[in-house]
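Values reported hereafter were calculated over all heavy atoms of this structure, with side chains retained and with hydrogens, waters and symmetry mates removed. Just so it is clear, the model here is predicted, and its values are computed rather than measured. Protein chains get the first letters and strands the later ones, always in sequence-line order, with residue 1 at the start of each.
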Amino acid sequence: MKKRVSKYVETAVAAVAAARGLDGADLPEIGIGLPREKAFGDFSSNIAMQLAGRWKDNPRAIGSALKDELDKESDLALVTIDGPGFINMTLDISCWHSRLLDIIGQGAEFATLDYGQGRRVLVEFVSANPTGPLHIGHGRGAAVGDVLARILKRAGFAVDREYYVNDAGNQMMVLGRSLRWRYLELLGHRSGEIPDGYYRGEYLLEMAKELRADQGDDLIVGNVNEEDVVGLEFFTKLAADAILLGIRNDLNLFGVEFEHWTSEKDFFTSGRVDVALADLKKQDVLYEEEGAIWFASSRFGDEKDRVVVRANGVKTYFASDIAYHREKYERGYDLLIDVWGADHHGYVPRLKAAIEALGNEPESFAAILVQLVSLSRSGTPVAMSTRAGEFITLEEVVNEVGKDAARYFFLTRRSDSHLEFDLELAKSKNNDNPVYYAQYAHARICSILRKIEEEGLEIDGTGNSTGASLTLPEELDLIKKLDDFTVVLESAARNLEPHRLTYFLDDLAAQLHSYYNRNRVINEDGKVSGDRLLLITAIRQVINICLTLLGVSSPEKM
RNA sequence: GCGCCAGUAGCUCAGCUGGAUAGAGCAACGGACUUCUAAUCCGUAGGCCGGGGGUUCAAGUCCUCCCUGGCGCGCCA
């Protein structure tokens, strides 16, 4: 509807411009918004104020000229000029009734947009080292990335989800050593505290036990000294594979699936890192200093240059990441989105620099920074320390509070603001819990629909209803809210902000609950019942679409 | 020291690309179940949008300077 109104205003502006003999070019974008006060109508535009400067006339005079044009439009029941020069427009009520029918007619396809125009997007998220189970912070990243992908898909992008497995580098060696240490401990070759820097989580102890049960004690050969590297590879691979499998399972439980899993190690072994570096060399942005090879990222806005090949000849993580992102473009993606922990924000400029140096538009890359999650239980903080190996895993959270609540909670804040996750709150089955608020609205509507069906109530069938009896302010507000979903979805996609969906849903649920308490759908008047049935059917449909986008279930009973 | 992000009601946070009298939830107080689910609703109260200056028809939103908090500043990943 917003676009329709926007057209009317555009036409009016063109007409007035022509009448005044002004050039139609150089016009500002038509801004259409929802008025703060309902009394001001359905939509408002600030165009008259924007034109005032360019046309050298006062906003109210321009507004009044535009009003004369807009008054010719039959869909507009009322056009007024208010305040400093806002043009407020009220649509004919029948427009809203037909919009309701339109929304129902579109069914599950409602609010599928062509905003993305089929452009290909790669959303990379989680991408945790396979050195331990996912914790709650990863969970937030997973929820943000997954829902963002769903939103973009619905907004008309061709979306793939990808997990970049950071399976190269020192961390993996340490992982192998940690598992080996545990294994040797079982055989009595190690005792006391596991060395500093090693992974001390319980899971490695379990893994070592399974390994011993499976393979016996023979693995000791070539591994008895910490310095031995011959047999280390075996332990590293074993641990990484097992952990990665666990990660996949956790993510599946959480409702997240990836189209691609890409290994960092492969970039090194296949020589693709070298290819990327050669590319940079061709662009003349590499140089040697103090035995290392540097990328001149400061020429592209980074605060200093970065090493890509160390003096000892080992390529850095950054080098492989350049190769990885280079390949993303090569694979045909138009837009790259990386979801990272906010502590990596300092990494953004250098990667952007590399992307630009390789000839890509810097705007085609976006990093979504996700802030830390602090965990609490009934208000008291739950201590988490990765160092001590004490952390709450994603699996534990999902098991305790459920997938729906966990996902919803992760999306109740903007991703770059801290999130306090209260386990008891997420678990509570009462009105403190925002998840149930939305789901309950859905269940309530289903309950009404069930009642109608079960009792075979005689109300005008949907086919005969036109919505014409929906004249209460709260009924029209509900229709407008449903209509606004397309706007919300587009802005969530444009700004890469999935949390907008939970806020929209919360609002819609509130309106439904309020309406439910004041009005009865099943009514003595069959015509009214039929129209209201239409309304709640549409609401149910939008709630369902929204919950599905969030990856949260839509219960029919609660 | 430099950089990034944040600072909005007692608490946790929204505020769409700069729009009209700044919103919600929780907590507090007072009400509503013989009626489609009370996991709900209705009402009351609560504000120097961290502070100063600037840009303009218009600033919570943009610029600048300070204050406070978090994070980052490695030939780690």
Side-chain angles (χ1 to χ4, degrees), chain A residues 29 31 33-37 40 44-46 48-50 52-53 58-59 82-86 88 129 131 166 168-172 264 289-294 303-304 306-318 320-321 341-349 369 371-372 379 412-414 416-420 422 425 428-441 443-452 455 457 484 487-488 490-492 494-495 497 499-500 502-504 506-507 509-510 512-523 529 532 536 557-558:
Chain A
E29 205 173 321
L34 303 178
R36 176 164 297 286
E37 295 288 331
F40 287 135
S44 77
S45 176
N46 59 1
M49 289 177 286
Q50 301 217 329
N58 81 72
D82 300 299
F86 287 101
N88 290 319
N129 284 332
T131 56
N166 296 134
N170 290 331
Q171 248 93 342
M172 300 312 295
E264 181 195 354
E289 194 175 294
E290 292 173 20
I293 296 177
W294 299 70
E303 55 186 23
K304 59 182 178 187
R306 311 289 173 175
V307 170
V308 286
V309 184
R310 297 194 274 259
N312 64 8
V314 177
K315 290 155 200 110
T316 60
Y317 171 81
F318 182 43
S320 68
D321 221 19
D343 53 342
H344 289 70
H345 68 257
Y347 194 75
V348 178
L369 300 173
Q371 274 291 356
L372 294 175
T412 53
R413 301 277 178 275
R414 258 183 19 216
D416 59 356
S417 88
H418 283 270
L419 173 67
E420 198 172 318
D422 194 299
L425 179 61
S428 65
K429 291 201 186 316
N430 61 34
N431 52 2
D432 294 342
N433 195 329
V435 189
Y436 296 114
Y437 190 75
Q439 290 184 319
Y440 186 49
R444 262 190 158 167
I445 293 172
C446 290
S447 173
I448 300 172
L449 300 177
R450 226 167 14 243
K451 174 111 177 169
I452 291 169
E455 307 202 355
L457 292 170
D484 195 42
V487 177
V488 170
E490 185 176 311
S491 76
R494 184 177 54 240
N495 299 298
E497 291 182 341
H499 74 277
R500 289 177 194 244
T502 52
Y503 280 89
F504 170 84
D506 201 62
D507 279 352
L512 182 275
H513 287 311
S514 175
Y515 179 67
Y516 178 94
N517 273 276
R518 290 170 62 141
N519 306 97
R520 291 185 54 80
V521 172
I522 300 170
N523 193 283
S529 293
R532 289 181 174 175
I536 63 164
K557 259 185 195 173
M558 286 174 74

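Distance A:Arg306 CZ to B:G74 P: 8 Å, rounded to the nearest Å. In this structure, the CZ atom of A:Arg414 is 14 Å from the C1' atom of B:U12, given to the nearest Å. Between A:Arg36 atom CZ and B:G15 atom P there is a gap of 14 Å when expressed in whole angstrom units. Separating the CD atom of A:Glu289 from the P atom of B:G74 is a distance of 16 Å, rounded to the nearest angstrom. If you measure from atom CG of A:Asn519 to atom C1' of B:U35, you get 13 Å, rounded to the nearest angstrom. The CD atom of A:Gln371 sits 12 Å away from the P atom of B:C5 (whole-angstrom rounding).
Backbone-only contact: A:Ala168 has heavy atoms under 4.0 Å from sugar-phosphate atoms and none from a base. Within 4.0 Å (heavy atoms only), A:Glu264 reaches sugar-phosphate atoms of the nucleic acid but no base atom. At a threshold of 4.0 angstrom between heavy atoms, the contacts of A:Ala52 with the nucleic acid are absent. A:His513 comes within 4.0 angstrom of sugar-phosphate atoms only, judged by non-hydrogen atoms across all strands, and of no base. Among the heavy atoms of the strands lying under 4.0 Å from A:Asn88 is at least one base atom, whether or not backbone atoms are also near. Within 4.0 Å of A:Tyr503, counting heavy atoms only, lie sugar-phosphate atoms of the nucleic acid but no base atom. No contact: A:Asn58 has no heavy atom under 4.0 Å from any strand. A:Arg494 comes within contact range of at least one nucleobase, with a heavy-atom separation under 4.0 Å. Heavy atoms of A:His344 sit under 4.0 angstrom from at least one base atom.
With both ends at atom P, the span from B:U8 to B:A14 equals 11 Å, rounded to whole Å. The P atoms of B:A20 and B:A39 are separated by 37 Å, rounded to the nearest whole Å.
Contact check, A:Tyr347 against B:C73: no side-chain N or O comes under 4.0 Å of OP1 or OP2. Taking side-chain N and O atoms only, A:Tyr437 has a distance below 4.0 Å to OP1 or OP2 of B:C41. At the phosphate of B:A39, neither OP1 nor OP2 sits under 4.0 Å from any side-chain N or O atom of A:Arg444. Taking 4.0 angstrom as the limit, A:Ser45 places none of its side-chain polar atoms (N or O) nearer than this to OP1 or OP2 of B:G19. Phosphate contact (OP1/OP2 of B:A39, side-chain N/O of A:Tyr436, threshold under 4.0 Å): absent. A:His345 has no side-chain polar atom (N or O) that falls below the 4.0 Å cut-off from OP1 or OP2 of B:A6. When the side-chain nitrogen and oxygen atoms of A:Arg310 are compared with OP1 and OP2 of B:A77, one or more of them lie within a distance under 4.0 Å. Between A:Asn495 and B:U17 there is a side-chain polar atom (N or O) within less than 4.0 angstrom of OP1 or OP2. Taking side-chain N and O atoms only, A:Lys304 has no distance below 4.0 Å to OP1 or OP2 of B:C2. Regarding contacts with the backbone of B:A20, every side-chain N or O of A:Ser44 stays at 4.0 angstrom or more from both OP1 and OP2. OP1 and OP2 of B:C36 both lie 4.0 Å or more from every side-chain N or O belonging to A:Arg532.
In this structure, B:C33 makes no Watson-Crick or G-U wobble pair, since no nucleotide meets both defining distances under 3.5 angstrom. When both distances must be under 3.5 Å, the Watson-Crick or G-U wobble mate of B:G60 does not exist. Using Watson-Crick or G-U wobble geometry with both donor-acceptor distances under 3.5 Å, B:C26 finds its partner in B:G10. For B:C4, the paired base is B:G70 (Watson-Crick or G-U wobble, both distances below 3.5 Å). The nucleotide B:G46 finds no pairing partner, because no Watson-Crick or G-U wobble arrangement with both distances shorter than 3.5 Å includes it.
Side-chain N/O atoms of A:Asp343 and base N/O atoms of B:G72 include no donor-acceptor pair closer than 3.5 Å. Side-chain N/O atoms of A:Asp506 and base N/O atoms of B:A14 include no donor-acceptor pair closer than 3.5 Å. Counting distance only, with no hydrogens placed and no angle test, the side-chain atoms of A:His418 and the base atoms of B:G70 include no donor-acceptor pair under 3.5 Å.
By the criterion of a centre-to-centre distance under 5.5 Å and near-parallel planes under 30°, the ring of A:Phe40 forms a stack with the base of B:A20.
Set against B:A20, B:A38, B:C76, the side chain of A:Tyr516 has B:A38 as its closest nucleotide.
Judged by distance alone, the side chains of A:Tyr347 and A:Arg306 never bring a donor and an acceptor atom under 3.5 Å apart. For A:Thr131 and A:Gln171, the side-chain atoms include no donor-acceptor pair closer than 3.5 Å.
For A:Arg413, there are no side-chain hydrogen bond (donor to acceptor under 3.5 Å, both in side chains) partners, not counting sequence neighbours.
Take the nearest nucleotide of RNA chain B for A:Asp416 and for A:Ala509: the residue whose nucleotide is more 5' is A:Asp416. Closest-nucleotide positions on RNA chain B for A:Tyr515 and A:Leu419 were compared, and the one nearer the 5' end corresponds to A:Leu419.
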